[in-house]
Colleague: 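Here it is: the structure, laid out below.
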Amino acid sequence: MQSKTQNLAPVFTLFPSLKPPNKTLTFHQFTVLVITFLAYASFHASRKPPSIVKGVLGPKIQLNSSMIESNLTSLESIGTGWAPFNGSKGTHRLGELDLAFLSAYSIGMYFAGHVGDRIDLRLFLVFGMVGSGLLTIIFGLGYWLNVHLLGYFVGVQILCGLFQSIGWPCVVAVVGNWFGKAKRGLIMGIWTSHTSVGNIIGSVVASGVLEYGWGWSFVVPGVLVILFGVLVFLFLVVNPEDIGFETPGKEIEMNVEVNGLENLEKVESEEAGLLGEEDLGSTAAIGFLEAWRLPGVAPFAFCLFFSKLVAYTFLYWLPFYISHTDVAGVHLSHKTAGILSTVFDIGGVFGGVLAGLISDMIEARAVTSMAFLLLSIPTLVLYRVYGSVSMLLNNCLMFLSGLLVNGPYALITTAVAADLGTQDLIKGNSRALATVSAIIDGTGSVGAAVGPLLAGYISTRGWNSVFLMLIVSIFLASLFLIRLVKTEIKGMLSDGKWLSNNATAQ
């Protein structure tokens, strides 16, 4: 077993003055937030290029002037694209490419969390970042090497998905180590905007260099991931105890109620007893099946399956949809569509922060998530129907859609996962955090793999069918939260929290 000194980031050897008492706990918490934010933003930036280059790789198409709605069945071929994605089933092949990446990502997520609980998270995260960057670059090299083999692109995406799966369990576990439960929703809401910020950076960068050849849209983000991997290697501290700090909130971690889940534990007392019989130390890694049986893990995981299905369909297909839909009678270029799609991600930044803030105020993660999900249904209908009326209305509805779609997605993958991974049932076991996070996001990633694939196939029947799929998925996501919502509301009413929160607000 390696000592803490051996695991410590190199910067502390070069600059001992960065250690306490020279630098405070707050300084190091802020540093950890910034480093992990940049690390995962770079991961997401490197995921964005496939959506930006879809219009270039796929068959070149234009809208008939007589069309009232954007329907791919009425499109005329006006170009060749890039084989093997330029045939009549080009959108199918592009959807299958997304499936290759996201399936590997979702499978790898389960194993990554399990491994992450047992080895140095800093080195494991660096390994994932460097591997992801190299494979993103290799995908882009297909442009200069004139590669037209589907197996090449699918193989690279599968490997890249496996390396990318390392990122999330690592960063959420590190942040969970440095912050207690107090205001966790707000902190994680701000921090989780790295997803949307990364998407924005990836969209702008990939769109900006697209005119020089689609290969550059992959090479530049790939280099970016590697550079930030070096930053992580040099500066990241995985656990406050590694440099002499107490774990924040450690003294109260085992007694605090987790957003009404305490009442749910009573309802599931039989399952809780199975886990409670085991003596889980504060540093022992939790088993995979044991983590699944923790109260609240399965409902939130399956909710995220459908939430992430919707979010990733937008992530991978929104630029393509915009470029094939007239806005105020104007047909937008691939570059303009890619940049315009960032409005959805900007809304996602505000959605993650707002969801985290509200969930902290009312102390109810499930209630907050369901409210966002239900409000997103009419918003998506309005965006589909009226998004083409004017650029202003398109941007407003796209922003609101991003806010409501990404709000619960961000909340569940961060604050909820951290809460469930440190609940009192497992006696404050901080090492369960990566496993629980991997289960929740891994299950969500299965949905993320299904969504873009279905969009590629369903879009040939018209975009109305795609939006119907998204709305049904959101409705199903909300169904998985019903039991938790009822439990949270009962807990708040019985403890008088609802009244006290309203009184405070007034």
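Atoms considered below: every heavy atom in the structure, side chains included; atoms not considered: hydrogens, waters and symmetry mates.
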Colleague: Give the minimum heavy-atom separation between Leu380 and Ser401, together with the two atoms involved.
Modeller: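 Reported closest heavy-atom pair: CD2-OG, 3.8 Å.
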Colleague: So which atom in Gly338 and which in Pro319 form the shortest heavy-atom distance, rounded to 0.1 Å?
Modeller: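 For Gly338 and Pro319, the tightest heavy-atom pair comes out as CA-CB, 4.2 Å.
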Colleague: Whether the side chain of Ser51 engages the backbone of Leu315 through a donor-acceptor N/O pair (distance < 3.5 Å, no angle test) should be reported.
Modeller: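 Yes, because the side chain of Ser51 sits within donor-acceptor range (under 3.5 Å) of the backbone of Leu315.
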Colleague: Quick one: does Arg122's side chain have a donor or acceptor within less than 3.5 Å of a partner on Phe233's backbone?
Modeller: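 Yes, Arg122 side chain to Phe233 backbone: donor-acceptor pair under 3.5 Å.
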Colleague: Once you round to the nearest 0.5 Å, how far does CZ of Phe153 lie from SG of Cys160?
Modeller: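 That separation rounds to 13.5 Å.
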Colleague: Identify the heavy atoms of Leu18 and Val11 that sit nearest to each other, and give their distance.
Modeller: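 Answer, listing the atom of Leu18 first, then Val11: CD1-CG2, 3.8 Å.
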Colleague: For Thr136 and Phe218, which heavy atoms make the closest approach, and how far apart are they?
Modeller: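 Scanning both residues completely, I find the closest heavy atoms to be CG2-O, 3.2 Å.
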Colleague: Would you say that Pro408 contacts Thr368 through its side chain, given a criterion of any heavy-atom pair below 4.5 Å between the two side chains?
Modeller: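 Answer no - side chains too far apart.
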Colleague: Can you list the steps and then say if Val154 with Ile158 is a side-chain contact (heavy atoms from CB on, under 4.5 Å)?
Modeller: CA-CA 6 Å; Val154 169; Ile158 289 174; 3.9 Å; yes
Colleague: Hey, is CZ on Phe12 packed in by over 12 heavy atoms from elsewhere, all under 6.0 Å?
Modeller: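 It does: Phe12 CZ has more than 12 such atoms within range.
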Colleague: Taking the side chain as everything from C-beta on, heavy atoms only, tell me whether Val32 gets closer than 4.5 Å to Ile35.
Modeller: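 Not touching, per the 4.5 Å side-chain cut-off.
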Colleague: Please name all residues satisfying side-chain hydrogen bond (donor to acceptor under 3.5 Å, both in side chains) with Ser42, sequence neighbours left out, ordered by chain then number.
Modeller: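 With neighbours one apart ignored, the set is empty.
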Colleague: If I compare all heavy atoms of Tyr316 with all of Leu102, which pair ends up nearest, and what's the gap?
Modeller: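 Smallest interatomic distance, heavy atoms only, reads CE1-CD1, 4.0 Å.
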Colleague: Side chain of Glu488, backbone of Val367: donor and acceptor closer than 3.5 Å?
Modeller: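 Confirmed, Glu488 side chain pairs with Val367 backbone.
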Colleague: Hey, mind stepping through Trp168 and Val172 against side-chain contact (heavy atoms from CB on, under 4.5 Å) and telling me if it holds?
Modeller: CA-CA 6 Å; Trp168 184 248; Val172 78; 4.1 Å; yes
Colleague: Would you indicate whether the side-chain heavy atoms of Tyr312 and Val450 approach each other to under 4.5 Å?
Modeller: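 Side chain of Val450 against side chain of Tyr312, heavy atoms only: no contact under 4.5 Å found.
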Colleague: What's the spacing between Ser473 OG and Lys308 NZ if we round to 0.5 Å?
Modeller: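 Atom-to-atom, Ser473:OG and Lys308:NZ are 15.0 Å apart.
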Colleague: With sequence neighbours left out, write down each residue that passes side-chain hydrogen bond (donor to acceptor under 3.5 Å, both in side chains) with Ser333, or none if nothing qualifies.
Modeller: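 Ser333: side-chain hydrogen bond (donor to acceptor under 3.5 Å, both in side chains) contacts with Thr336.
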Colleague: Is the side chain of Ser376 donor-acceptor paired with the backbone N or O of Leu373 at a distance under 3.5 Å, no angle test?
Modeller: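 A pair under 3.5 Å: yes.
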Colleague: Side chains of Val230 and Leu234: closer than 4.5 Å at any heavy-atom pair?
Modeller: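 The answer is yes; the side chains approach within 4.5 Å.
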Colleague: Hey, are the side chains of Met398 and Leu318 touching, using non-hydrogen atoms and a 4.5 Å cut-off?
Modeller: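 The answer is yes; the side chains approach within 4.5 Å.
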Colleague: Is there any salt bridge (Lys or Arg N to Asp or Glu O under 4.0 Å) pair reaching into residues 334-343, and which pairs are they, with sequence neighbours excluded?
Modeller: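 Sorted result for residues 334-343: Glu211-Lys335.
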Colleague: Are Leu470 and Phe314 close enough, and set up right, to give a side-chain contact (heavy atoms from CB on, under 4.5 Å), and what steps lead you there?
Modeller: CA-CA 10 Å; Leu470 299 177; Phe314 275 101; 3.8 Å; yes
Colleague: Would you say the side-chain atoms of Thr379 pair up with the backbone N or O of Leu375, donor to acceptor, closer than 3.5 Å?
Modeller: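 Yes, because the side chain of Thr379 sits within donor-acceptor range (under 3.5 Å) of the backbone of Leu375.
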Colleague: What's the spacing between Leu304 CG and Phe480 CZ if we round to 0.5 Å?
Modeller: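 Going from CG on Leu304 over to CZ on Phe480, the span is 11.5 Å.
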Colleague: Distance-only, no hydrogens or angles: does the Trp178 side chain make a donor-acceptor pair with backbone N or O of Val237 under 3.5 Å?
Modeller: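 Looks like yes, one N/O pair under 3.5 Å.
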Colleague: Is it true that Phe163 and Phe127 have ring centroids separated by less than 6.0 Å?
Modeller: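 When the ring centroids of Phe163 and Phe127 are compared, they turn out to be within the sub-6.0 Å range.
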Colleague: Looking at Trp144 versus Trp214, is the centre-to-centre ring distance below 6.0 Å?
Modeller: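 No - the distance between ring centres of Trp144 and Trp214 does not fall below the 6.0 Å cut-off.
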Colleague: Looking just at side-chain N and O atoms, do Thr24 and Gln29 make a donor-acceptor pair shorter than 3.5 Å?
Modeller: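 No, because no side-chain N or O of Thr24 sits under 3.5 Å from a partner of the opposite role on Gln29.
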Colleague: Give me the atom names and distance for the closest heavy-atom approach of Ser165 to Pro169.
Modeller: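 Smallest heavy-atom distance, with atoms named: O-CD, 3.2 Å.
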Colleague: Under the ring-ring contact (aromatic ring centres under 6.0 Å, His included) rule, collect the residues that match up with Phe350, sequence neighbours excluded.
Modeller: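 Applying ring-ring contact (aromatic ring centres under 6.0 Å, His included) to Phe350 gives Phe399.
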Colleague: Could you check whether any side-chain heavy atom of Lys23 comes within less than 4.5 Å of a side-chain heavy atom of Ser17, counting everything from C-beta outward?
Modeller: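 Side chain of Lys23 against side chain of Ser17, heavy atoms only: no contact under 4.5 Å found.
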Colleague: Centre-to-centre under 6.0 Å for Phe43 and Tyr40, is that the case here?
Modeller: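 Ring centres of Tyr40 and Phe43 closer than 6.0 Å.
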Colleague: Start with the C-alpha gap between Met129 and Val232, add the side-chain angles, then the distance that decides, and say whether side-chain contact (heavy atoms from CB on, under 4.5 Å) holds.
Modeller: CA-CA 9 Å; Met129 296 180 74; Val232 170; 3.8 Å; yes
Colleague: List the residues meeting ring-ring contact (aromatic ring centres under 6.0 Å, His included) with Phe124, not counting sequence neighbours, and say none if there are none.
Modeller: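 Counting only residues at least two positions away or on another chain, Phe124 forms no ring-ring contact (aromatic ring centres under 6.0 Å, His included).
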Colleague: Could you tell me if the ring centre of Trp82 sits under 6.0 Å from that of Phe85?
Modeller: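 When the ring centroids of Trp82 and Phe85 are compared, they turn out to be at least 6.0 Å apart.
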Colleague: Rounded to the nearest 0.5 Å, what's the gap from CZ on Phe306 to OG on Ser478? Could you check?
Modeller: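 So the CZ of Phe306 and the OG of Ser478 are separated by 10.0 Å.
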Colleague: Got a second to check how far Phe300's CZ is from Ser369's OG, nearest 0.5 Å?
Modeller: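 Interatomic distance, Phe300 CZ to Ser369 OG, rounded to 0.5 Å: 5.5 Å.
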Colleague: Using a 4.5 Å cut-off on heavy atoms from C-beta on, say whether the side chain of Asn406 contacts that of Phe344.
Modeller: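 In contact.
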Colleague: Would you check if His334 and Ile52 make a side-chain contact, meaning some heavy-atom pair closer than 4.5 Å?
Modeller: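 Heavy-atom side-chain distance check fails, nothing below 4.5 Å.
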Colleague: When rounded to the nearest 0.5 angstrom, what is the spacing between CG in Leu332 and OG in Ser341?
Modeller: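 If I round to the nearest 0.5 Å, the distance is 11.0 Å.
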Colleague: Could you give the side-chain donor-acceptor pairs of residues 196-210 under 3.5 Å, partners two or more places apart or in another chain?
Modeller:
{"unit_1": "Ser196", "atom_1": "OG", "unit_2": "Asp345", "atom_2": "O", "d": "3.2"}
{"unit_1": "Asn199", "atom_1": "OD1", "unit_2": "His44", "atom_2": "ND1", "d": "3.0"}
{"unit_1": "Asn199", "atom_1": "ND2", "unit_2": "Thr195", "atom_2": "O", "d": "3.3"}
{"unit_1": "Asn199", "atom_1": "ND2", "unit_2": "Asp345", "atom_2": "OD1", "d": "3.1"}
{"unit_1": "Ser203", "atom_1": "OG", "unit_2": "Asn199", "atom_2": "O", "d": "2.8"}
{"unit_1": "Ser207", "atom_1": "OG", "unit_2": "Ser203", "atom_2": "O", "d": "2.7"}

Colleague: Flag the pair Arg47 and Asp98 as a salt bridge only when some basic side-chain nitrogen lies within less than 4.0 angstrom of an acidic carboxylate oxygen.
Modeller: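 Answer for the salt bridge query: no.
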Colleague: Above 12 or not: heavy atoms from other molecules or residues under 6.0 Å from CZ of Phe27?
Modeller: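 More than 12 within 6.0 Å, yes.
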